[in-house]
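All chains are named by letter (A, B, ...) in the order of the sequence lines, taking the proteins before the strands, and each is independently numbered beginning at 1. Quick caveat: nothing in here was measured; it's all calculated off a predicted structure.
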Amino acid sequence: MTGFSLLMAAASPSATSSPLATPSASPLPSIVPSLPIPSGTPAPVTLANPTLPALLLSGIVWIPLIVGLVLLLLPARSEAERARVRIGAIVGSGFVLVLAVLMWYGFADQGGTLAYEEQRAWLPQLGSSYHLGVDGVSLALLLLTSLLSLVAVLASSRVRERAGAYFALLLLFETGLNGVLAAVDYLLILLFWAMPVVAAFLLIAGWGGPGRSRAALKVLAFGLASTALLLVAVLILAGQSSPPTFDLLSLHNTVLHGPATGLLFWLFFAAFAILLPAVPLHTWFIDAVAEAGAPVAALIGGALPALAGYGLYRTVLGDFPADLHRMRGAILVLTLATLIWSGLSALGQDDLKRAIAFLAQSRSSLVLLAVVSAAPVALNGGVVLIVASGLGVALLLLTAGMIQERTGTHSVRALSGLAARLPRAAILYLVGGLGLLGLPGLAGFVGMVLVFLGAYPVDRTTTTIAILASALLSGGLVVTSSERIFFGPLPDGFARLRDLGTLELTYAVLLVAVIVLLGVFPTLLANDVNFGILSLLARGAG
Amino acid sequence: MSFSIQNALAFTPEWWLLLGAAVAFTLGRVRTGSEDQTSVVGLIAVVLALAGLLTQLRSSITIFEGAFVVDGYTRLLQGIVLASAAACLLLALADRTWTPAPDFAGFLLLATTAAMLIAGAADLVSLALGVALLGMGLGVMAVEARPSSTPAAGVGAFIASTLAAAVIAYGFALLYGLSGETALAAVGRRLGQTGSRPALAVALALVLAGFGVLIGMVPVQWGMQSIFQRAPLPVSAFTGSVAVTAALGGLMRVVTGVAASGSAVSLLLAILAAATMTGATVAALGERSLRRLLSWILVGQAGFGLAALVGARQGGVAALLVFSASLAAGLLAAVAALVAYFHRVHSDRVADISGMASYAPAPAAVLALALASLSGIPPLAGFFGRLLVLRAVVDAGYSWLALIGVASTVLAAFSALRLVRAVFLDPPVFEVHPVLPHRAQGTALGLGTLAVVAFGAFLGPLLGFATVAARAVLP
């Protein structure tokens with residue numbers, strides 16, 4: 001049975017009921033016992049694939065930071081020196097992507113256990129160790145963050161001012177993203193969680209648009225608030241464990257009692273909801289995407305919601321399934337509010353980047369729908385949706401950046417008929433937009449369908465409203481903005497515009513290729529993700 | 001009273017310091033213009049003392065019938081004190097805006113000896129003696145630190161530190177009167193039998209106020225601020241690292257010995273900690289003077305130091321030790337950066353550090369790292385110190401204080417990163433020719449960076465040692 005048919009088989013009525021809502025009807029008991037579920041006891045340094053070195057995951061996490069530090073020390077005054085810095089960043093980030101792909105290649109059939117696990121003693125008194133490892137969910141997202149980071153570096157060829165610091169910050173951003181996804185210890189996650197926040201703040205403040213100061217401070221305020229919520233939650237959670245531990249796997253097995261569980265659930269949920277971003281904690285995200293340079297905006301818009309989604313899966317769903325089930329109503333209201341608010345806001349926007357930011361927020365809210373359903377198929381779809389959204393949003397934002405660079409405006413009303421002069425940009429924008437909407441054959445389709453099929457049996461009304469609202473509002477935005485920007489009469493001022501160059505096409509086509517590839521061959525990720533999710537649910541249910 | 005060879009050897013680090021002080025004083029008197037040489041002599045003495053300390057890590061002895069206890073706690077505190085003192089001497093060599101008095105290094109070594117004695121004091125008399133010596137040493141260093149500081153500043157600092165020592169002595173006298181004992185453990189036992197009385201509250205309030213002046217606790221933070229505002233940076237660094245570490249360590253001995261299980265004392269400490277961390281962080285937001293800003297940052301740290309004392313638990317003791325080390329690392333790195341900055345720009349205005357990275361990239365980077373560390377941003381030294389304190393506070397049952405601590409950390413991080421943005425991304429206020437840091441400046445900057453960045457890597461052994469040390473204080 002192929003991965004996709006396996007998923008579709010799991011989508012049969014008996015399989016789509018939430019294991020939390022009706023444990024007896026859950027498909028898990030028949031599947032889970034055959035899966036080796038990670039235990040809470042620390043495992044020795046292991047190799048998932050004996051042909052790959054044990055430090056692979058450490059490499060993915062630390063190489064960007066090390067390369068970034070080297071770039072910071074290099075001079076970047078002349079054009080040749082800047083080119084050297086840029087090439088260094090491309091090589092570093094590219095190498096990390098190659099490692100991620102290698103890991104994915106060697107990952108097959110892990111059966112829900114952690115792979116590429118590294119564990120070394122660090123702070124035994126606190127119960128914290130240098131513990132890295134990936135399951136299907138985190139590996140899929142690692143591929144996304146590595147790809148987006150490389151694309152952001154490639155797309156930054158025009159950065160001239162303080163190039164060393166710029167690329168070092170981009171790579172710090174990448175280390176933070178990859179670190180959160182790879183860490184299996186909450187203390188490590190906390191260390192990495194602040195890195196993208198600090199990097200985004202400085203990148204926007206230093207290389208952003210006219211409103212960068214305000215946007216950067218908002219990113220900092222909300223990002224630090226998210227880190228603080230996470231810190232408080234982790235401190236309380238670690239305090240509940242005996243012996244004390246920060247290890248994710250050990251804490252999964254910690255039985256929590258009393259009112260602390262409810263508090264912990266909301267602390268974790270709020271920390272992730274800020275980054276997702278959910279209404280009303282989203283204004284930083286919109287401002288950040290609008291004011292950041294296009295490559296940084298692509299990284300913020302594509303990768304930060306992925307981190308939030310990962311947190312919702314790993315912690316909220318994995319550790320607090322009962323609270324999640326109890327709070328379903330409130331979270332569904334939040335999901336619908338976010339979806340409809342962002343959809344309507346996107347339609348009312350004249351600023352193209354702000355509209356895309358609202359679109360990204362609208363897609364992220366569907367992840368909440370998947371998480372709250374706690375149905376395996378929807379959760380599988382959620383991961384694919386996060387990846388597809390990340391790719392689509394990045395492609396749209398980069399295209400918007402290319403358009404802004406040529407026309408000097410990001411006002412949708414000021415743009416018209418660009419398809420005549422920028423046909424490549426028009427195609428990229430449509431692929432990105434339709435990929436997000438869920439056109440069959442593109443990555444978003446698989447995600448949307450799986451979320452719908454999985455969540456529908458759990459809550460028919462809300463799922464139908466959510467999916468319809470999402471399709472109509474997001475579809476409306478993509479269609480109307482495409483129509484305004486690319487079709488109609490071409491103003492005289494735009495008659496001499498130059499279409500996309502080779503470098504721009506290179507990274508854009510890279511994104512398009514992955515969007516199409518995942519749309520046509522969803523099994524490339526789906527099998528691994530499925531095992532990861534079943535393992536997560538088994539722990540949550542247990 | 002017995003005093004054996006073994007007891008004398010236990011004071012090896014202190015002997016080295018005293019010998020160094022004697023050589024430095026003599027050199028300063030017989031050769032004019034030998035300020036740098038006396039600092040080098042001081043540095044050598046501190047390094048030898050540190051080496052002597054390392055040979056005695058495992059020893060645990062009681063000297064002068066319990067007046068001093070040399071255990072893991074003492075040794076770790078002394079290690080932090082000595083490392084900080086060495087860094088301060090390096091900073092004195094690096095600071096080109098100021099010529100120290102000929103006997104500066106000698107008094108610094110004497111004050112360091114006093115801090116070492118406080119770390120090992122387990123008796124009211126020895127602790128009062130140590131505090132008085134430290135107060136005098138600080139006062140003299142501040143008074144002598146002319147011409148860059150005004151005499152009034154030195155006198156202010158002198159009054160503050162000697163007043164603190166006097167207030168502590170009054171408190172100790174009351175404790176002695178109430179208990180009839182001088183050994184801290186015995187005082188605690190006797191007071192536990194007699195119960196609480198208004199006189200005990202007064203005694204503890206006096207002790208807390210005295211130590212509060214030394215660590216910069218709100219509302220008696222003015223002494224610390226006076227030194228930071230007017231004294232040369234190496235003296236400020238000494239006060240913020242060596243003196244604060246010793247004072248926090250001494251206060252911990254008093255709290256664990258005398259008021260171990262007193263919930264009222266814990267509550268008072270928690271309230272003072274909350275007021276200190278919040279007040280200082282808020283005050284730092286609108287601060288326009290760099291030196292005062294640094295003093296507010298340090299006062300904020302004192303809040304966390306006090307928080308570690310709440311509940312008087314083993315976790316708190318270990319957290320305090322790690323926190324003191326992380327605080328010293330962050331503060332000394334920040335001062336190293338400011339020393340290099342003031343060498344180029346003679347302005348104390350916060351607004352003037354804009355664009356510092358364009359003409360002084362290395363000091364700018366170290367300043368950014370130090371500020372980020374002091375405000376608790378992961379993964380730098382300060383984050384780990386704060387994390388351990390917050391964890392200890394939660395374990396002690398004071399979750400509300402932990403929440404205030406997290407909130408003040410967020411606020412501090414916010415203001416620190418705003419400064420970092422100004423340093424790196426805003427255009428420079430002055431036209432300054434890029435200057436390579438002086439050799440001692442470069443060494444200080446490098447060591448500061450290493451201490452702040454690599455703290456997490458060495459945290460395992462440090463925390464292990466601190467945990468053992470905590471068991472020595474609270475078995």
* Distance in Å, A:Ile274 CD1 paired with A:Leu224 CG, rounded so as to fall on 0.5 Å steps -> 10.0 Å
* To do: Under 4.5 Å heavy-atom distance to chain B, tell me which part of A:Leu231 shows up: side chain, backbone, both or neither.
  => side chain
* Among B:Thr409, B:Val420, B:Leu417, B:Leu380, single out the residue with the greatest number of heavy-atom pairs under 4.5 Å to chain A. => B:Leu417
* Name the region of B:Leu403, side chain, backbone, both or neither, that has any atom closer than 4.5 Å to a heavy atom of chain A. => side chain
* Are any of the side-chain heavy atoms of A:Leu248 and A:Tyr186 separated by less than 4.5 Å? -> yes
* To do: Please look at A:Ile236 and chain B and tell me whether the side chain, the backbone, both or neither of the residue comes under 4.5 angstrom of a heavy atom of that chain.
  => neither
* Asked: So what's closer than 4.5 Å to chain B heavy atoms on A:Trp193: side chain, backbone, both or neither?
  -> neither
* **CD/A:Glu161: more than 12 non-hydrogen atoms of other groups inside 6.0 Å** => no
* Structure fact -> By residue number, those in residues 385-398 of chain B with heavy atoms under 4.5 Å from heavy atoms of chain A are B:Leu387, B:Leu388, B:Leu390, B:Arg391
* **Per-residue contact mode, B:Phe384 against chain A (heavy atom under 4.5 angstrom)** => side chain
* To do: Show your working on side-chain hydrogen bond (donor to acceptor under 3.5 Å, both in side chains) between A:Gln125 and B:Thr467 and close with a plain yes or no.
  => CA-CA 8 Å; A:Gln125 302 84 359; B:Thr467 309; 4.6 Å; no
* Which region of A:Ser128, side chain (C-beta onward) or backbone (N, CA, C, O), has a non-hydrogen atom less than 4.5 Å from a non-hydrogen atom of chain B, or is it both or neither? -> neither
* **Contacting region of B:Ala413 [heavy-atom separation from chain A under 4.5 Å]** => both
* Under the side-chain hydrogen bond (donor to acceptor under 3.5 Å, both in side chains) criterion, do A:Thr315 and A:Tyr310 qualify, and how do the steps go? -> CA-CA 8 Å; A:Thr315 303; A:Tyr310 174 72; over 6 Å; no
* With chain B, which of A:Leu72, A:Thr227, A:Leu187 has the greatest number of heavy-atom pairs at distances under 4.5 Å? -> A:Leu187
* Which bit of B:Phe414 comes within less than 4.5 Å of chain A, counting heavy atoms only: side chain, backbone, both or neither? -> both
